[in-house]
Amino acid sequence: MTLSIRVIAPDRTVWDAKAEEVILPSSTGQLGILTGHIPLLTALDIGVMRVRIDKEWVPIVLLGGFAEVENNTITILVNGAEEANDIDPNEAQRSLEEASNVLVEATTPKAKIEATQNIRKAKARLQALANIQ
């Protein structure tokens, strides 16, 4: 048996495929899903979703959202998502450095929160690149 996985961002369907296993970045930690999983609704954090297809792991960056698991179907609604193959390593590193500099210079709580979120996004992109097989 396989899982049917669909990742939907506001502007497009990012991923629609079958897989044997999924590891989600839930708000409470990493969450592994195999076939036959009980129904579940969970909040997702910024992080890397890993999908196992034919013994190969495919990393996808998720930028927060929700996942529903039911009847071997996983529907993931996210604020944004990126496949690791679409990420430019130099741009991801530059974004991390820029966000870190912005955080150091931030003076308002809002600016600090935005900079922290940007750091988390950049780190997730770099982590996804490190997981490409």
Side-chain angles (χ1 to χ4, degrees):
M1 286 187 89
T2 59
L3 297 165
S4 177
I5 304 160
R6 193 164 194 197
V7 178
I8 304 167
D11 58 341
R12 65 189 170 102
T13 298
V14 177
W15 182 269
D16 192 356
K18 303 244 184 244
E20 291 83 39
E21 182 178 0
V22 176
I23 299 175
L24 297 169
S26 81
S27 59
T28 58
Q30 297 293 306
L31 178 64
I33 309 289
L34 297 168
T35 57
H37 199 285
I38 62 169
L40 172 74
L41 180 63
T42 187
L44 298 176
D45 205 353
I46 295 170
V48 179
M49 173 179 81
R50 293 181 309 242
V51 181
R52 185 169 58 89
I53 302 172
D54 298 326
K55 299 182 182 178
E56 295 283 326
W57 287 96
V58 178
I60 300 171
V61 176
L62 302 181
L63 303 178
F66 294 91
E68 178 187 42
V69 179
E70 190 170 24
N71 298 325
N72 293 323
T73 299
I74 303 173
T75 304
I76 301 167
L77 304 175
V78 293
N79 299 325
E82 302 172 35
E83 290 186 54
N85 293 331
D86 295 336
I87 298 171
D88 177 346
N90 296 325
E91 177 64 25
Q93 185 62 45
R94 189 187 64 70
S95 293
L96 177 59
E97 292 167 4
E98 185 177 298
S100 297
N101 291 336
V102 169
L103 180 60
V104 168
E105 297 172 6
T107 57
T108 66
K110 180 181 178 190
K112 290 178 183 180
I113 290 170
E114 288 175 359
T116 301
Q117 290 294 85
N118 289 333
I119 288 171
R120 293 178 65 221
K121 290 174 186 177
K123 284 183 177 181
R125 289 180 182 109
L126 291 170
Q127 181 185 359
L129 289 170
N131 288 324
I132 293 178
Q133 293 182 348

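- Two residues are said to be in side-chain contact when any heavy atoms from C-beta on lie closer than 4.5 Å; E56 and I53 fail this criterion.
- The pair R120-D45 counts as a salt bridge, with a side-chain nitrogen and a carboxylate oxygen less than 4.0 angstrom apart.
- Taken together through direct or relayed side-chain contacts under 4.5 Å among Ile, Leu, Val, Met, Phe, Trp and Tyr, L3 and V7 form part of one hydrophobic cluster.
- A continuous path of hydrophobic side-chain contacts links L40 to L44 [ILVMFWY only; heavy atoms under 4.5 Å].
- When all heavy atoms of Q93 and L126 are compared, the pair lying nearest together is OE1-CD1, 3.6 Å.
- Under a hydrophobic-cluster definition in which Ile, Leu, Val, Met, Phe, Trp and Tyr are linked whenever side-chain heavy atoms come within less than 4.5 Å, directly or via other members, V51 and L31 are assigned to the same cluster.
- Side-chain contact between L103 and K112 is present, with at least one heavy-atom pair separated by less than 4.5 Å.
- Clustering ILVMFWY residues whenever any of their side-chain heavy atoms sit less than 4.5 angstrom apart, transitively, puts V78 in a cluster other than the one holding V48.
- Here the closest non-hydrogen pair linking A67 and L24 is CB-CD1, 3.9 Å.
- W15 has its side chain within reach of V58: a pair of non-hydrogen atoms, C-beta onward, lies under 4.5 Å apart.
- Within the 4.5 Å cutoff, the side chain of Q30 has heavy atoms near those of the R50 side chain.
- Using a 4.5 Å heavy-atom threshold, the side chains of V69 and V22 count as separate.
- Under the 4.5 Å side-chain criterion, counting only non-hydrogen atoms from C-beta, E20 is in contact with D54.
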R94 vs E97, test: salt bridge (charged side-chain N to carboxylate O under 4.0 Å, His left out). Steps then yes/no.
CA-CA 5 Å; R94 189 187 64 70; E97 292 167 4; over 6 Å; no
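- The main-chain N or O of L63 is found under 3.5 Å from a side-chain atom of N79 such that the two form a donor-acceptor pair.
- Nearest approach of P25 to L62, heavy atoms of both residues: CD-CD1, 4.0 Å.
- Side-chain contact between I33 and I5 is absent, with no heavy-atom pair separated by less than 4.5 Å.
- Hydrophobic clustering places V61 together with I46 (ILVMFWY residues linked when any side-chain heavy atoms are closer than 4.5 Å, directly or through intermediates).
- A124 approaches G47 most closely through the heavy-atom pair CB-CA, 4.0 Å.
- Using a 4.5 Å cut-off on side-chain heavy atoms (C-beta onward), L96 and I119 make contact.
- Nearest heavy-atom pair across I60 and A81 is CG2-CB, 4.4 Å.
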